[in-house]
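The structure displayed is predicted, hence computed values, not measured ones. Letters A, B, ... mirror the listed sequences (proteins, then strands); counts begin at 1. Both backbone and side-chain heavy atoms feed into the values below; hydrogens, waters and symmetry mates do not.
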Amino acid sequence: MVNVSVWQLPQSRSKSPPYMSKTQISATFEQVAILLELDGANRFRVIAYQNASRALATLEEDLFLVVKENRITEIKGIGKGIGGLISEAVLNGTWGNLGELYSKIPHGLIEMTGVPSLGPKRVRLLYEKLKIDSLEKLKYACKDNQIALLQGFGQKSQEKYLEGIDLLKRYQGRNRLDVGLAYGRALEEKISKIPNVVKAQLAGSARRMKETIGDLDIVLAAKAEHQDGIIQEIMNFSGIADIKGQGTSKISLILEAEMLAEPIVNNEMDTALLESITERSTNATIDAQIRIVNPEIFPFTLAYFTGSKEHNIRMRQRAIDKGLKLNEFGLFSQNKAEDKISIEAVKNTLVCSNESQIYKNLGMDWIPPELREDMGEIEAASKRNLPKLIKLEDLKGAFHNHTTSSDGAATLKEMANYAINLGWEYLGIADHSESLNIGGRQIGIPSGEIINQSIEIKKLNKYFQNENINFKIFHGSECDILSDGKLDYSLDLRNSLSHVIGSVHALGSWKNRDESTNTEFLIKAIEDPTFTILGHPTGRILQGREGFPVDMHAILREMAEFNQEGILKAVEINASPFRLDLDWRFCKYAKELGVPICINPDAHDTQGLNDVWYGTKIARKGWLEDKDVLNTKNKSEIEILFGK
DNA sequence: GCCGTTTTCGGCCCGACTGTTTTCAGTCG
């Protein structure tokens, strides 16, 4: 979850405790886990740091408070050792003896583990035996035939590493959800068309709708006698950059852009997904794993490879508690499963023809894939208490959209017509405010000109009324939150609008300040009486740039207080697949606090309105139901809320 | 390094595939 880019221990800029934020400590522990692995540490110690990192990232409470009250080891996954480190980081701003680990491991080893089939153990061995501590040195050693001569290595490993170094340059790491889905659906469809394929379905993080996708997992069901032939057909697909591995039950491929050559025909997906395909650099690649199983095993394999890993661990534990054993081949009674692993064991499985029966056998409701992150869904499904997740059809409009008056490509009228065709009851227009400049060019609407937009909107609304069209345009603004937390435009102007979406655009000063200062300024903006919705709360661009540091839990708590007093302060899920900000991990907390969430496409053209598809998926991932989302309300309800 | 209603030790999810071995360790998901 944490983007690891700088390999050093954070230094505090604060003059008094808390010296470190939970985000900083969480990111540090993720790095520590990697360094420990390279150091040859016990693998469970590595896992302990990974778990602690995750526990901190999902901690809703104020960390400083937890540390002060000596409750740090009450958090599951944090014991005496790691708890001590956390307290020290928060109260003193120091990191115990972690500094030793950081200076001991050459950081070049980290990028070496990125080479396919080269892991921490072998990287360490290469470093110890040949003093290789960078990709360059590795490349040289391969060409110089040094690797093949090493004990435990050979000619094939050497060739693989050399190839891997080149592939690494084309590999972009994770991919945005839209890009991952485009590749995933393309491969899924191609495989489905092969004769004798009973079923092929995308699993993994793409099925769980994670905001970024590492690699693709596809589960393929076919009768045993057809499997070899099908594997051969897949290997002959165009658009395969490399074959990483191939067995009787699994193929591991690297896909390249040619995979997308044939258009996807899929009635569920919208144009936004198809558009994303063309935006993709043609030289980039994505990894894909295909599992081939007999049809009766399919639901188990699908569930297993949908994950997440954390969800699966809990599921297996639950099976054990019930005297059963769950794996990717079936659900067995413990005694019958003895000594029978893998495909042989299937003869003893409890028959489940779909995923829902697997959950049922474990005394649970079927869990939608988006929720399978071990964020409380196991408990909820056991108590038959899962949320009734929001659907795309529940949306009645959206509030954050642009027109040609600022940096949009479509006119007010074009945007409105498209929204009407989507079946919406309203469209909120929120063009940029006066201060927004990009590259010296003014993007936002000058305060003197906003009246023109207002007149045009009133005219259109009158027309809709006269023609008996149940549709209204709400005139808002995406108003810049300036670096000191003040809002752009005059108070009078903001008061004249139906809604004010406060967004940070000039990220510079926000990225250079610490978390608590940013949180303070953002709260100041939210407190402004004209402020309605917080736009793209951190300013992140997925796979592009990190957002500015801010304590989102604290922000949401602040917004909750206003809502308790009946004053609307909502937070947006920016539905653009480039952003998906608010992060879904905060949605459940917002929901529990009663802070309304708004799924906003931030559309800059008519097609952009379709991005609410992604926003809805992310909202589902964040446990949201229709009642938690502001833009599921109908037109008249919104008129009352906005007072316009 | 964490955890505990078989609790202070001995587990911690586990199977496929690969290459280098001649029975297995490392990597990956």
Side chain to side chain donor-acceptor pair (under 3.5 Å) pairs, two or more places apart, involving [range]:
| range | answer |
| --- | --- |
| residues 102-111 of chain A | A:Gln31-A:Tyr102, A:Asp39-A:Lys104 |
| residues 123-132 of chain A | A:Arg124-A:Glu128 |
| residues 213-231 of chain A | A:Gln227-A:Asn294 |

Quiz prompt | Qualifying residues under side chain to side chain donor-acceptor pair (under 3.5 Å), relative to A:Lys160, sequence neighbours excluded | solution = none
If you check every side-chain atom of [X], which of [options] has the closest atom?
| X | options | value |
| --- | --- | --- |
| A:Gln246 | B:dT18, B:dC2, B:dC17 | B:dT18 |
| A:Lys325 | B:dC17, B:dC14, B:dG1 | B:dC14 |
| A:Phe329 | B:dC17, B:dG15, B:dC2 | B:dG15 |

Rounded to the Å, how far apart are [X] [atom1] and [N] [atom2]?
| X | N | atom1 | atom2 | value |
| --- | --- | --- | --- | --- |
| A:Ile47 | B:dC3 | CD1 | C1' | 13 Å |
| A:Leu101 | B:dG1 | CG | C1' | 14 Å |
| A:Phe44 | B:dC12 | CZ | C1' | 4 Å |
| A:Met315 | B:dC14 | CE | P | 15 Å |
| A:Gln317 | B:dC14 | CD | C1' | 14 Å |
| A:Leu36 | B:dG1 | CG | P | 8 Å |
| A:Glu310 | B:dC14 | CD | C1' | 15 Å |
| A:Asn51 | B:dG1 | CG | P | 14 Å |

Quick one: list whatever passes ring pair (Phe, Tyr, Trp, His ring centres under 6.0 Å) with [X], sequence neighbours left out.
| X | result |
| --- | --- |
| A:Phe29 | A:Tyr49 |
| A:Tyr161 | none |
| A:His553 | A:Phe586, A:Tyr589 |
| A:Phe153 | none |

Practice problem: Specify the residues of residues 354-368 of chain A, ordered by number, for which at least one heavy atom lies under 4.0 angstrom from an atom of DNA chain B. | Solution: none
[atom1] atom, [N] versus [M]: distance in rounded Å?
| N | M | atom1 | answer |
| --- | --- | --- | --- |
| B:dG26 | B:dT20 | P | 14 Å |
| B:dT8 | B:dG1 | C1' | 15 Å |
| B:dG15 | B:dT22 | P | 26 Å |
| B:dT6 | B:dC2 | P | 24 Å |
| B:dT7 | B:dC12 | C1' | 15 Å |
| B:dG11 | B:dG29 | C1' | 23 Å |
| B:dT21 | B:dT27 | P | 15 Å |
| B:dT23 | B:dT18 | C1' | 14 Å |

Exercise. Output all residues satisfying salt bridge (Lys or Arg N to Asp or Glu O under 4.0 Å) with A:Glu233, sequence neighbours left out; order by chain, then residue number.
Key: none
Quiz item: Going 5' to 3' along nucleotides 19-29 of chain B, which nucleotides have protein heavy atoms under 4.0 Å from the base (write B), which only from the sugar-phosphate (write S), and which from neither (write -)?
Solution: SSS----SSSB
Exercise. Mark up nucleotides 4-10 of chain B, 5' to 3', with B wherever a protein heavy atom is under 4.0 angstrom from a base atom, S wherever such an atom reaches only the sugar-phosphate, and - elsewhere.
Key: -------
Quiz prompt | Residue met sooner reading DNA chain B from 5', once A:Arg43 and A:Gly77 are mapped to nucleotides | solution = A:Gly77
Quiz item: Which comes earlier along DNA chain B counting from the 5' end, the contact point of A:Thr248 or that of A:Ile82, where each point is its nearest nucleotide?
Solution: A:Ile82
Practice problem: Flag yes if more than 12 heavy atoms outside A:Gln11 fall under 6.0 Å of its CD atom; otherwise flag no. | Solution: no
Quiz item: Which one is paired to B:dG4, where only Watson-Crick or G-U wobble pairs with both distances under 3.5 angstrom count?
Solution: B:dC9
Practice problem: Only one of A:Arg585, A:Arg208, A:Lys309, A:Lys210 passes side-chain hydrogen bond (donor to acceptor under 3.5 Å, both in side chains) with A:Glu373; say which it is. | Solution: A:Arg208
Quiz item: Between A:Phe305 and A:Val219, which heavy-atom pair has the shortest distance, and what is it?
Solution: CB-CG2, 4.3 Å
Quiz item: Which pair of heavy atoms, one from A:Thr306 and one from A:Ala203, lies closest together, and at what distance?
Solution: OG1-CB, 3.6 Å
